[in-house]
Protein chains: 2
Amino acid sequence: MNEQQRKPRSDGLRNRERLIEAAKEVLGQGGPQASLEAVARRAGVGIGTLYRHYPTREALFQAVYRHEVDQLIKLADELKNAADATEALRTWLHAGVALVATKRGMLGALAVVKTEASSSMYSELSAQMKLAVGQLLHRASSDGTLRTDINADDLLQTMYAFCYARQPEPGWEAQVLRLLDIFLDGLKLQET
Amino acid sequence: MNEQQRKPRSDGLRNRERLIEAAKEVLGQGGPQASLEAVARRAGVGIGTLYRHYPTREALFQAVYRHEVDQLIKLADELKNAADATEALRTWLHAGVALVATKRGMLGALAVVKTEASSSMYSELSAQMKLAVGQLLHRASSDGTLRTDINADDLLQTMYAFCYARQPEPGWEAQVLRLLDIFLDGLKLQET
DNA sequence: TTGATAAACGGAGGGTGCCTCCGTATAAAG
DNA sequence: CTTTATACGGAGGCACCCTCCGTTTATCAA
């Protein structure tokens with residue numbers, strides 16, 4: 001039963017990557033009903049290739065979302081040892097807003113379909129996000145530059161709240177970043 | 001400048017009606033992205049006719065919604081002189097739930113697009129709903145069978161809350177009616 | 001009644017997207 | 001350099017979107 005497997009083909013892997021990248025852009029802009037053929041075109045692959053790798057729209061959404069969260073986890077890891085812990089936190093949150101910008105398009109679709117597969121994935125990824133921001137927050141508050149009466153959940157909630165409070169207008173992203181910065185300033189302890 | 005107008009053609013009026021009726025069914029089932037050609041087919045008219053009367057998907061949605069609310073207003077008027085005021089209120093609220101069932105599919109679309117045209121219509125129709133239920137409520141509470149510490153807004157809010165709390169599952173409508181009935185029972189004053 | 005004509009009808013047509021299927025190309029293994 | 005498991009791409013069939021325009025028909029005036 002131990003069938004020996006070939007190594008996955010390099011072109012296959014490459015195209016998976018390209019599709020995720022293209023989907024992030026196209027779906028981020030055009031919303032959940034954007035054309036999958038446009039995604040394939042942007043990735044420079046045939047439509048058949050897209051469907052082979054991601055048989056359903058939903059599968060593609062999930063892959064994109066998971067990929068984005070992975071990036072954020074990685075980013076948190078890189079920032080773990082940054083000189084300025086508060087600044088690191090700010091950087092990470094800004095990246096988080098960008099994630100929401102991508103996810104924004106997909107959320108509707110996920111909410112409508114609401115497979116138990118998708119919702120379990122959603123909560124799993126949420127937990128990972130919380131851990132990631134928790135690391136950064138802990139360092140920033142334990143070195144005495146940040147208030148200690150706020151936790152990872154509070155921070156993520158705040159970020160989401162800002163994002164969803166002002167979504168429709170174009171330019172909302174910059175606004176949200178501004179508000180988030182102000183909030184972070186409020187978290188800083190004054191060293192008199 | 002006082003151009004004399006012909007009377008609107010009877011077939012035109014008839015088809016408008018039919019389209020609304022068909023749209024209510026098709027969109028109520030298939031959600032906001034349902035096929036407009038299916039609507040035209042169901043109404044037994046050509047696709048061109050649909051587009052002439054309702055040039056955009058949004059226009060059709062609005063017309064359906066407005067039509068539904070008009071029905072509710074009319075219903076409230078009919079029930080105004082019913083023997084049992086509380087029962088009349090119950091009947092009306094049940095009809096209201098049916099409206100939400102129709103609207104459900106469209107709400108998403110309206111929320112996404114959010115023209116100021118659509119949102120102003122939305123608030124206008126909300127106000128009308130409030131007036132309608134207000135009539136019925138007033139009569140039921142002033143004849144001493146219902147508590148007086150509840151207003152029209154409370155009642156509509158409650159209805160919406162029940163509807164949106166349990167939407168996705170099939171059979172939700174019956175559940176909501178049951179909960180609503182219980183709530184109404186709670187409003188009744190005991191005549192000891 | 002009977003034209004005249006404004007109004008409404010319907011569906012063909014051109015464009016796009018969905019998804020499947022399968023002949024062709026190619027990376028990995030021997 | 002073969003062999004062969006994998007992956008590729010796009011044609012094809014279907015549905016939908018929306019527009020355009022030749023045809024039909026309801027209204028009105030004579």
Side-chain angles (χ1 to χ4, degrees), chain A residues 1-23 25-64 105-106 108-109 112-113 115, chain B residues 1-23 25-64 105-106 108-109 112-113 115:
Chain A
M1 55 188 65
N2 176 1
E3 306 289 334
Q4 86 171 36
Q5 304 278 32
R6 280 191 178 187
K7 194 165 64 171
R9 278 175 57 160
S10 53
D11 51 352
L13 265 49
R14 178 168 38 78
N15 282 337
R16 279 181 101 79
E17 289 274 325
R18 283 189 185 171
L19 280 167
I20 294 289
E21 198 59 35
E25 294 165 14
V26 172
L27 298 177
Q29 278 209 330
Q33 81 296 356
S35 156
L36 295 191
E37 299 203 320
V39 173
R41 278 197 295 275
R42 176 147 208 150
V45 306
I47 183 65
T49 296
L50 184 153
Y51 275 97
R52 194 165 349 87
H53 286 301
Y54 307 103
T56 68
R57 185 173 287 264
E58 174 96 355
L60 181 58
F61 288 171
Q62 291 197 11
V64 171
M106 297 180 295
V112 164
V113 182
T115 344
Chain B
M1 54 190 63
N2 178 0
E3 305 290 335
Q4 84 171 35
Q5 304 279 32
R6 279 192 177 184
K7 194 165 64 171
R9 280 176 56 159
S10 52
D11 51 352
L13 265 49
R14 178 168 38 76
N15 283 337
R16 280 181 100 79
E17 289 274 326
R18 284 188 184 172
L19 280 166
I20 294 289
E21 198 60 36
E25 294 165 14
V26 173
L27 298 177
Q29 277 209 330
Q33 81 296 353
S35 155
L36 294 191
E37 299 202 321
V39 173
R41 277 196 296 274
R42 176 149 209 147
V45 305
I47 183 65
T49 297
L50 184 152
Y51 274 98
R52 194 167 349 87
H53 286 302
Y54 307 104
T56 67
R57 183 174 287 265
E58 173 96 355
L60 181 58
F61 288 171
Q62 291 196 12
V64 171
M106 298 181 294
V112 165
V113 182
T115 344

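Everything numeric in this text was worked out from a predicted model, so none of it was measured. Side chains are part of it too, since the values below use all heavy atoms of this structure and drop only hydrogens, waters and symmetry mates.
- For B:R41, there are no side-chain hydrogen bond (donor to acceptor under 3.5 Å, both in side chains) partners at least two apart in sequence or on another chain.
- Judged as a side-chain hydrogen bond (donor to acceptor under 3.5 Å, both in side chains), and not counting sequence neighbours, B:R14 has no contacts.
- Distance, B:H53 NE2 to C:dC9 C1': 9 Å, rounded to whole Å.
- Remark: A:R9, A:D11, A:G12, A:N15 in residues 9-19 of chain A come within less than 4.0 Å of DNA chain D through at least one heavy atom.
- Applying the side-chain contact (heavy atoms from CB on, under 4.5 Å) test to A:A23 and every residue at least two apart in sequence or in another chain returns A:L27, A:V39, A:L60, A:V64.
- Counting atom types as modelled, A:R6 pairs a side-chain N or O with a base atom of D:dT4 as donor and acceptor under 3.5 Å.
- Between B:T49 and C:dA8 there is no side-chain polar atom (N or O) within less than 4.0 angstrom of OP1 or OP2.
- Both A:K7 and B:G44 lie near DNA chain C, and the one whose nearest nucleotide falls closer to the 5' end is B:G44.
- Between A:Q5 atom CD and D:dT6 atom P there is a gap of 7 Å when expressed in whole angstrom units.
- Between B:L19 and B:A40 the shortest heavy-atom distance is CD2-CA, 4.4 Å.
- When the side-chain hydrogen bond (donor to acceptor under 3.5 Å, both in side chains) test is applied to B:R18, no partner is found at least two apart in sequence or on another chain.
- Scored by the salt bridge (Lys or Arg N to Asp or Glu O under 4.0 Å) test, B:E37 finds no partners at all (sequence neighbours excluded).
- With sequence neighbours excluded, no residue satisfies side-chain contact (heavy atoms from CB on, under 4.5 Å) with A:E17.
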Produce the list of close N/O pairs, under 3.5 Å, pairing protein atoms with atoms of nucleotides 13-17 of chain D; give distances to one decimal.
residue : atom : partner : partner atom : Å
D:dC17  : OP1  : B:L36   : N            : 3.4
D:dC17  : OP1  : B:R57   : NH2          : 2.4
D:dC17  : OP2  : B:L36   : N            : 3.1
D:dC17  : OP2  : B:E37   : N            : 3.3

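- A:R52 is linked by a salt bridge (Lys or Arg N to Asp or Glu O under 4.0 Å) to nothing, counting only residues two or more places apart in sequence or in another chain.
- For the pair A:L50 CG and D:dA7 P, the interatomic distance rounds to 15 Å; values are reported in whole Å.
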